[in-house]
Amino acid sequence: MASLAEKRIVDDEDHPVDPQARPEELRLLEALLFASTEPLDQATLAKRMPDGVDIKQALAQLQADYALRGVNLVRVANKWTFRTAGDLSWLMTRESTETRRLSRAAIEMLAIIAYHQPVTRAEIEEIRGVVTSKGTLDVLLETGWIRPRGRRKTPGRPLTFGTTEAFLSQFSLEALGDLPGLEELKGTGLLDSRLPSGFSVPAPSDDPALRDDEDPLEIGDNLELLLAPAADPETGGEEG
Amino acid sequence: MASLAEKRIVDDEDHPVDPQARPEELRLLEALLFASTEPLDQATLAKRMPDGVDIKQALAQLQADYALRGVNLVRVANKWTFRTAGDLSWLMTRESTETRRLSRAAIEMLAIIAYHQPVTRAEIEEIRGVVTSKGTLDVLLETGWIRPRGRRKTPGRPLTFGTTEAFLSQFSLEALGDLPGLEELKGTGLLDSRLPSGFSVPAPSDDPALRDDEDPLEIGDNLELLLAPAADPETGGEEG
Amino acid sequence: MSAEILSFETGRPAEIVEGEPSLVVDVEGYEGPLDLLLALARQQKVDLAKISILALADQYLVFIEAARKIRLELAADYLVMAAWLAFLKSRLLLPEPATPDGPSAEEMATALANRLRRLEAIREASNRLMNRPQLQRDIFPRGDPEAIAEVKHPKFTATLYDLLTAYAVQRQQRVLTTVHLAKRTVWSLAEARASLERLVGIAEEWSCLDEYLLSYVVDPSQKATVFASSFAAALELVREGEMELNQKEAFAPLYFRKRVPVAAAMSAPDLPVE
C-alpha cells in the first residue's frame with residue numbers, strides 16, 4: 001500500500017502541472033468521508049487508509065480542494081465531514097405555507113377581544129366564564145390579528161389586548177365599527193331575540209389611542225415573560 | 001436570479017483561465033445532490049435552481065468534474081446522485097451493511113423478471129423448469145427490487161411482475177436498457193418466452209404503462225392474498 | 001458416525017459414483033430436471049446449439065436409472081422428463097412418418113435445446129447482474145445526508161361568520177347560565193320537608209328550629225328562602241301529626257320535637273330551659 005505514496009510522487013514528477021493528476025489518497029479520503037454516517041476523526045481515517053499516507057496533509061489539501069465548492073470539508077469537534085457550504089443554506093430550506101384552522105377556544109377569545117377591546121385576560125375570562133389557556137393566547141398572537149396595546153391601571157397592571165389591521169383585512173372589515181351590533185346580531189338570528197333587557201353588546205373600537213385607564217407598554221416589555229406564570233390563572237387555580 | 005448566468009459570463013471574460021472561477025450553478029447543484037438522501041431528477045433540480053440555468057449542461061459538467069474523484073456523479077433510473085467510485089469498494093468494506101444473500105433460485109428469478117418483464121410466475125417457471133416456492137417470491141418482493149405491475153389478460157388473470165427504481169439503483173443502472181448482455185440476448189432470440197420463434201423479440205420494459213395484454217391491479221388488491229393459494233401452484237396442489 | 005449410517009439407511013449418501021466416472025448421482029443438487037439436463041449437456045463440452053439431444057437423452061436416462069437403483073427418491077417431474085425423453089429418443093431413432101400430426105421429433109429436440117440455451121443464457125445474465133457494482137456492497141451513497149429543512153408558515157383561517165357565531169353563542173350562554181344558577185339558590189319545600197323529616201326522626205326533646213336551620217344555611221343570601229321553606233314544611237308536618245311546634249310569642253324562636261304517642265303525651269311537656 002505504500003506504493004500509493006510512491007505513485008503519487010512519481011506522478012507529480014511526471015506531470016507537475018497536470019491538474020487531473022490528483023493524489024489517490026484524496027480519492028480515498030473523499031470516498032470514506034462521503035459514505036460515513038458520522039464525522040470521522042483523523043485516527044479513524046488513518047486506520048482505514050493505506051499506510052504511509054500523511055493524513056493531516058491530505059485532509060488539508062482536500063479541504064482546500066472543496067473550499068470554493070458547494071460542499072465543503074469541515075472539522076467539527078475534531079472530526080471531519082462534508083457539509084453544504086454555509087452561504088448555500090438557503091438552498092437547504094423549503095418554505096411552505098400551511099393552512100390551519102383556529103380552534104374554537106381561540107376564535108371565541110378573538111371574538112371577545114374584538115368586541116370588548118381593550119380587554120384584559122381576566123376580563124375575557126369573566127365574559128367567557130372559563131379560564132383561557134396560555135396556548136390559545138399564543139396562537140392568537142401568532143395570527144397577528146391581536147396585539148397587546150397597553151396595561152390596565154389596576155392592581156397587577158394586566159395587559160390589555162386589542163385587534164390589529166391584519167384582523168380587519170382577514171375578516172374583510174373596513175373598520176371595527178362594521179362589526180354588527182346587538183340589533184343586527186338579533187336580526188341575523190345569531191342572538192336570541194328574547195334576551196333579558198339588561199343584555200348589551202359594546203360598540204367596538206380599535207382606536208389605537210390609549211384609554212384613560214390604560215398605561216402604555218414599557219419599552220423592553222418582554223411579551224413572553226408577560227404572558228407567562230403571573231398572568232396565568234390556571235396555574236394559580238391549581239394551587240388554590 | 002438571471003444575474004447568476006450573467007455573472008458567470010462576466011467572470012469568464014475577466015479570468016478566462018482562472019480554474020477557480022467555477023460557475024455558481026455547479027456549486028448549487030453539488031450542494032443539492034450531496035445533501036439529498038434520494039437521487040434527484042432533472043425536473044426537481046430545475047425547480048430548486050435559479051431560473052435560466054441549463055441544468056442538463058451543468059450536470060454534464062459536474063459529472064466530468066467528479067469523474068476521476070473518489071465520489072462520482074452517476075445517473076440511476078434517470079435521476080442523479082453522488083456515489084462512491086466503484087473501484088474503491090475494497091476501501092469501503094467496513095461501511096457495507098450485511099445484506100441478505102439471495103439464494104440461487106431468487107437470483108435467477110430476479111434476472112428472469114428483469115430481462116423478461118412484464119412476466120408472470122408461470123412464465124418464470126417455464127424458463128427455469130421448476131415451480132418457484134412462495135418464499136422465494138416473498139424474499140424478492142421484500143428487497144423492493146420487484147413489484148407486481150398488473151394482471152395478464154389470460155385465463156386466471158395471473159399477476160405480472162416487473163422491476164422497480166430501487167432495482168436500477170441497486171445495480172447502478174441508468175435504465176433497463178443498460179442490463180448487462182441485453183443486446184446479445186435479444187440478438188439470439190432467447191428473450192422470447194414462446195418457443196420457437198424467429199421474429200419480433202420483445203425488449204424488457206419497466207415502463208409503468210401497462211402493455212396491451214395487461215390489466216391494472218385492482219384497488220384493494222391485497223398482495224398477500226394474491227400471492228397466496230390461487231397463484232401458488234404448490235399450495236394449490238395440496239388443495240386439489 | 002451415526003449421521004453417516006443414517007444417510008446410508010435412507011439411501012441418500014452424498015456421493016455415489018456410478019459407471020461413468022464423472023457422473024455424481026445427487027439429485028438434491030439440481031433444481032429440477034431442466035437444471036439436471038443443462039448440467040449433463042455441459043459435459044458434452046460443445047456449444048449448446050450443436051448439442052446432441054439423443055446423447056443427452058441417453059445420459060439423462062442413465063442418471064435416472066442410477067438414481068433409482070440407489071433408491072433415491074425422485075420427484076415426479078424427473079420421471080415425467082425421463083418418460084418424455086425416452087419417447088423423444090424412440091422418435092428420433094425411427095424414420096419420421098410421412099405426415100406427422102404434431103411437431104416432428106426434430107422440432108421437439110430443437111425446442112428442448114432452445115429451453116436449455118435460454119436457461120443457460122439467463123444464468124449467465126444473472127451472474128453478470130450480480131457482479132455489477134451493487135449499492136451498499138461496492139458503492140455507497142452519502143452516509144449522512146443533510147435534510148432539507150421544511151419551514152412552515154402557518155396561515156390561519158377563520159371567517160367572519162365563525163367570529164360572530166362564536167361571540168353570540170358565548171354571550172348568550174353566559175346569560176342563560178346566570179338564570180340557571182339563580183334558580184338553584186331557592187330552597188324548595190320538598191328539600192325543606194325532607195330535611196325536617198330526617199331531623200324530627202331523632203328529636204325526642206324540644207329543639208330550636210332556628211339553630212338547626214342556621215347550620216344548614218351556608219350562604220347568608222339563602223337565609224330567607226331556607227327559613228321560609230322550612231317554616232312552611234314544619235306546618236305541614238304538624239298538620240300531618242308528625243311533629244309538634246312551640247313558640248312562646250311572635251318572633252320568638254320556634255321549638256319542635258317528634259310527636260309522642262298519646263299515652264306518653266299525658267305527662268307534662270317539659271319545655272327546654274334556656
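As the structure is a prediction and not an experimental result, all values here were calculated from the model. Quick note on labels: first sequence line is chain A, next is B, and so on, each numbered from 1. Note: hydrogens, waters and symmetry copies are ignored here, and every other heavy atom, side chains too, is used.
In this structure, chain C has a heavy atom under 4.5 Å from the side chain of L179(B), while its backbone stays farther away. Within the 4.5 angstrom heavy-atom criterion, atoms from both the backbone and the side chain of F171(B) approach chain C.
Considering only heavy atoms from C-beta on, L129(C) stays 4.5 Å or farther from I107(B) through its side chain.
Taking CG from L38(C) and CD1 from I51(C), the interatomic distance works out to 8.0 Å, rounded to the nearest 0.5 Å.
Heavy atoms of other residues, nucleotides or ligands lying less than 6.0 angstrom from CZ of R132(C) number more than 12.
By number of non-hydrogen pairs under 4.5 angstrom with chain C, the leading residue of A85(B), S36(B), G181(B) is G181(B). Chain B forms the most heavy-atom pairs under 4.5 Å with one residue out of M81(C), R123(C), M130(C), R117(C), and that residue is R123(C). When P33(C), A121(C), P141(C), P145(C) are compared by the number of non-hydrogen pairs under 4.5 Å with chain B, P145(C) comes out ahead. Between chain B and the options G143(C), P133(C), G32(C), the largest number of non-hydrogen pairs under 4.5 Å is found for P133(C).
Relative orientation of the Y66(B) and F34(B) rings is tilted, given thresholds of 30° and 60° on the angle between their planes.
With hydrogens and angles ignored, the 3.5 Å screen pairs a side-chain donor or acceptor of Q117(B) with a backbone N or O of T163(B).
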